[in-house]
Amino acid sequence: AQTVTQSQPEMSVQEAETVTLSCTYDTSESDYYLFWYKQPPSRQMILVIRQEAYKQQNATENRFSVNFQKAAKSFSLKISDSQLGDAAMYFCAYRAGGGADGLTFGKGTHLIIQP
Amino acid sequence: GAGVSQSPRYKVAKRGQDVALRCDPISGHVSLFWYQQALGQGPEFLTYFQNEAQLDKSGLPSDRFFAERPEGSVSTLKIQRTQQEDSAVYLCASSTRVPTDTQYFGPGTRLTVL
């Protein structure tokens, strides 16, 4: 079974600074997808960024980028120029390719932005 | 267009009652997923539909949990004889043609069983 591990229950960063959230996963699959979702206190889960395992290039979405290390099974999220609106729970998620499986989530990292 | 909607947003049930939670996916989305999110945890997969077919229900924790999507659009998650351990947020997500497409989540239903 696939597992996703987020080892940082909570992270704090000063506004405008850069923060990196860690995620590791375990799978025997070669084809899969990785995601970072943001869940603000309002509870609605919002997709931040997505990475296909077959792509070597790291995904980037504006201030958000990932460091995808396939051999190490590591998928970290870097947030640049942190803003107050970035404060939320961040979940790393895994999904096998080709099948009809749901997402496997980590336990989340609570990101605090210090003004 | 409208996102995924869920109702009710909050539900309080007495232990032993039956509850029904509704999910309206994004129009045209073929795939629909249900997740259970306990307090302080990440969501856990419950079940998956493609159109009206329930293709995976391996995550349903017991036979008290039942989901349906009879016309391939709206879905209902039913929990019979609720127990305290069923207290959680129930999230619904939908995606386009194939399961590997990005899943878009609804706001969830917070179920509290007393």
Side-chain angles (χ1 to χ4, degrees), chain A residues 1-10 21-25 27 29-55 59 61 75 88-111, chain B residues 2-10 23 26 30-51 53-61 67 69 75 77 88-111:
Chain A
Q2 297 84 9
T3 59
V4 176
T5 301
Q6 294 179 250
S7 58
Q8 306 154 316
E10 186 173 279
L21 308 184
S22 301
C23 173
T24 59
Y25 58 94
T27 183
E29 303 282 341
S30 59
D31 178 25
Y32 53 87
Y33 301 79
L34 297 165
F35 306 84
W36 279 98
Y37 278 90
K38 169 185 177 181
Q39 189 176 44
S42 65
R43 202 167 66 233
Q44 187 135 13
M45 198 83 73
I46 303 165
L47 178 69
V48 174
I49 200 165
R50 163 190 171 121
Q51 174 82 42
E52 290 82 358
Y54 62 84
K55 290 185 177 179
E61 288 288 341
F75 182 62
M89 284 293 292
Y90 285 80
F91 291 97
C92 178
Y94 164 99
R95 195 199 176 293
D101 301 325
L103 296 168
T104 299
F105 285 87
K107 291 191 173 185
T109 296
H110 181 210
L111 179 63
Chain B
V4 179
S5 61
Q6 293 186 244
S7 60
R9 291 292 308 275
Y10 302 89
C23 172
I26 294 171
V30 168
S31 300
L32 186 146
F33 301 81
W34 283 98
Y35 295 85
Q36 180 190 59
Q37 186 176 20
L39 188 63
Q41 302 294 316
E44 291 192 355
F45 169 77
L46 293 178
T47 187
Y48 158 63
F49 291 85
Q50 185 165 333
N51 295 305
Q54 188 174 19
L55 299 185
D56 186 351
K57 54 182 181 179
S58 62
L60 295 176
R69 194 186 184 198
S75 177
L77 176 67
V89 174
Y90 291 85
L91 298 171
C92 176
S94 69
S95 67
T96 53
R97 293 180 300 106
V98 295
T100 51
D101 288 347
T102 297
Q103 295 181 25
Y104 296 90
F105 283 79
T109 295
R110 179 179 296 278
L111 173 65

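Protein chains get the first letters and strands the later ones, always in sequence-line order, with residue 1 at the start of each. Computation of the quantities below employed the complete heavy-atom set of this structure, encompassing side-chain atoms and omitting hydrogens, waters and symmetry-equivalent molecules.
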Taking side chain as everything from C-beta outward and backbone as N, CA, C, O, which of these in [X] sits under 4.5 Å from a heavy atom of chain A? Side chain, backbone, both or neither.
X	result
B:V89	side chain
B:E44	neither
B:L91	side chain

Handout entry: Crowding at OH, B:Y104 (>12 non-hydrogen neighbours, <6.0 Å)
Key =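 It does not: B:Y104 OH has 12 such atoms or fewer within range.
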Practice task
Report yes if some heavy atom in the side chain of A:F91 is under 4.5 Å from a heavy atom in the side chain of B:P43; otherwise report no.
Solution key: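 Yes. Closest side-chain heavy atoms under 4.5 Å.
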Problem - Heavy-atom contact with chain B under 4.5 Å, split by part of A:E52 - result: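 For A:E52, there is no contact with chain B at all, as no heavy atom is under 4.5 Å.
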Handout entry: Side chain, backbone, both or neither of A:L103 within contact of chain B (heavy atoms, under 4.5 Å)
Key =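 A:L103 touches chain B through backbone and side-chain heavy atoms alike.
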Problem - Heavy-atom pair with the smallest gap, counting every atom of A:Y37 and B:Q103 - result: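 Smallest interatomic distance, heavy atoms only, reads OH-O, 2.8 Å.
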